[in-house]
There are 2 protein chains.
Amino acid sequence: MRAQKKSAPNNERLAEIYRAAAQIILRKGYDATSVNDIANALGMTKAGLYHYINGKKELLFDIMNFGLSELDEEVAEPARAIADPAARLRFAVAAHARLVTRGQGAITILVDEITALTPPQQRKITQRKRAYFDFLRGTLDELKAAGQLQDVDTTAATFGLLGMINWLSRWFRHGGALSEEQAADQLVRIAFHGILRPARLKAVDSSQ
Amino acid sequence: MRAQKKSAPNNERLAEIYRAAAQIILRKGYDATSVNDIANALGMTKAGLYHYINGKKELLFDIMNFGLSELDEEVAEPARAIADPAARLRFAVAAHARLVTRGQGAITILVDEITALTPPQQRKITQRKRAYFDFLRGTLDELKAAGQLQDVDTTAATFGLLGMINWLSRWFRHGGALSEEQAADQLVRIAFHGILRPARLKAVDSSQ
DNA sequence: TTATAACTACCGACCGTCCGGTCGGTACCA
DNA sequence: TGGTACCGACCGGACGGTCGGTAGTTATAA
């Protein structure tokens, strides 16, 4: 009935292919990356690569799902085990940030290339992203209920958090001024306490 | 000696072309947008469009420069006239955020598609972005010198700020829960004071 | 007032190139 | 003997870009 993988190819090799493809797509962008580019990087030909993949879009889709699974396993699931919402959020932001900086990451790709997918694929990816977003916002909602949150909209705050974290991939460089841990720590500080020292001399918020 | 525009085309029409092209590229991405797409959106043919532009890359380059000029004129220059660094930063963050949400924007494009340019073009754009970045970080440095800043790295904080602002283009929708002004205000709040209320009951940071 | 030259704003048809994808094979290993 | 891992050659189509036009408008000048 429907097209399927003709055989059961080596799974380790497949993971290598995902990793290599993710790196190239991350650097050049999905559209600017040809299947040939990926094949060459793996030391094979395009026809040879097609032994493993079912199409360029499906490859991208698989990589994105791989990235989302990483996010679930290394950030969301461990975080869910933390009862205190502030500590949970602190862990999630730091772990997510480290995942971005550590990559070579498939996670970063799914930030940029959603439009390249078919609509059904987009829906699936968007749904998984949404679940992660809801997890973060839920934690903020808990904090709000406990009176620990500033007077901010939790949706906007969650997007702000994600913006800072995802932006890391644009500026963080290994061997730069900040280590991965330092970068993650900086993000947590800024997200939690902002950049300004609490000023009590000037009524800058709350009223009006 | 070198290729030049064969004539002096109507400047208003050229601006229309930039605006239309920016919108499409913003929606579909540079590589996925064909010159034909842009021409059709303008009700003309590809050959007709080439009367105005010198190539696809140069069109992108021009749009990016247009966006950077907008940023200079509407954010950086007015901000520079503000003496107080906190007020200056507040204005810059809010104005920049509004520029992102108001667009239809050429500003957003230059966030994503730098790699599509030729290396010399990339250098010019990166240089202009760098100037803006330095302006923001300089303001943070002033705040630090005045003892008004949290204990954060000004470079990381500037990138954090830009991450939140640029991320707006991914989630902000007109007619959504937040107006442009509300979104800008939320970003300022989060950037300045963070998401957590200053806790004095629990030593959550500083040590360890 | 009108002939005409010059210029702007386009278009239809076309070109070379590269891309995603296919197909029929082959070498190798179990 | 059959499955896995690949490859060379090829295909149709889309893309960026070019070229030789043409319709319309303005400038000039007799």
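- If you take CD1 of Ile17(A) and C1' of dT4(D), they are 13 Å apart, rounded to a whole angstrom.
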Under 3.5 Å, which protein N or O atoms sit close to an N or O of nucleotides 25-30 of chain C? Give each pair with its distance.
none

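- Of all the heavy atoms in Ala21(A) and Ile38(A), the pair that sits closest is CB-CG2, 3.9 Å.
- For the pair Arg170(A) and Asp112(A), the salt-bridge criterion is met [side-chain N within less than 4.0 Å of a carboxylate O].
- The separation between Asn36(A) atom CG and dT22(C) atom P is 15 Å, rounded to whole Å.
- Among residue pairs with one or both ends in residues 57-94 of chain A, none qualify as ring-ring contact (aromatic ring centres under 6.0 Å, His included); sequence neighbours excluded.
- Put simply, the side chain of Gln150(A) does not reach to within 4.5 Å of the side chain of Phe192(B), judged on heavy atoms.
- By the 6.0 Å and 45° rule, Lys56(B) stacks over the aromatic ring of Tyr30(B).
- Pairs engaging residues 153-162 of chain B under the salt bridge (charged side-chain N to carboxylate O under 4.0 Å, His left out) rule: none recorded [sequence neighbours left out].
- Counting only distance, with no hydrogens or angles, the side chain of Glu113(A) and the backbone of Leu60(A) share no donor-acceptor pair below 3.5 Å.
- Remark: the backbone N or O of Gly55(B) is not paired with any side-chain donor or acceptor of Glu58(B) at under 3.5 angstrom.
- Between the CD1 atom of Ile53(A) and the C1' atom of dA5(D) there is a distance of 15 Å, rounded to whole Å.
- His96(B) places a side-chain heavy atom less than 4.5 Å from the side chain of Asn166(B).
- Five base pairs at each end of the helix from dT1(C)-dA30(D) to dA30(C)-dT1(D) define two local axes, and these are offset by 0° (rounded to 10°).
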Just the atom pairs and distances: protein N or O near nucleotides 10-12 of chain C's N or O, under 3.5 Å.
unit_1, atom_1, unit_2, atom_2, d
dC10(C), OP2, Arg13(B), NE, 3.2
dC10(C), OP2, Tyr52(B), OH, 2.6
dC11(C), OP2, Thr45(B), N, 2.6
dC11(C), OP2, Thr45(B), OG1, 3.0

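- Between Glu16(B) and Arg13(B) a salt bridge is recorded (basic side-chain N to carboxylate O distance below 4.0 Å).
- As a whole-Å value, the separation of Leu60(A) CG from dG21(C) P is 12 Å.
- Using a 4.0 Å cutoff on non-hydrogen atoms, the parts of residues 28-35 of chain A near DNA chain C are Thr33(A), Ser34(A), Val35(A), ordered by number.
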Exercise. Apply the test side chain to side chain donor-acceptor pair (under 3.5 Å) to residues Arg128(B) and Ser69(B): give CA-CA distance (whole Å), side-chain angles for both, the deciding distance (0.1 Å), then the verdict.
Key: CA-CA 9 Å; Arg128(B) 291 191 68 179; Ser69(B) 296; 3.2 Å; yes
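- Rounded to an integer number of Å, the gap from NZ of Lys56(A) to P of dC18(C) is 15 Å.
- As rounded to whole Å, 14 Å separates atom C1' of dA14(D) from atom CG of Asn40(B).
- Taking both residues in full, the closest heavy atoms of Leu178(B) and Ala156(A) are given as CD2-CB, 4.1 Å, listed atom of the first, atom of the second, then distance.
- Classification of Arg137(A) and Asp134(A) as a salt-bridged pair holds, one side-chain N sitting under 4.0 Å from a carboxylate O.
- Per the geometry, CD1 belonging to Ile38(A) stands 18 Å off P belonging to dC18(C), to the nearest Å.
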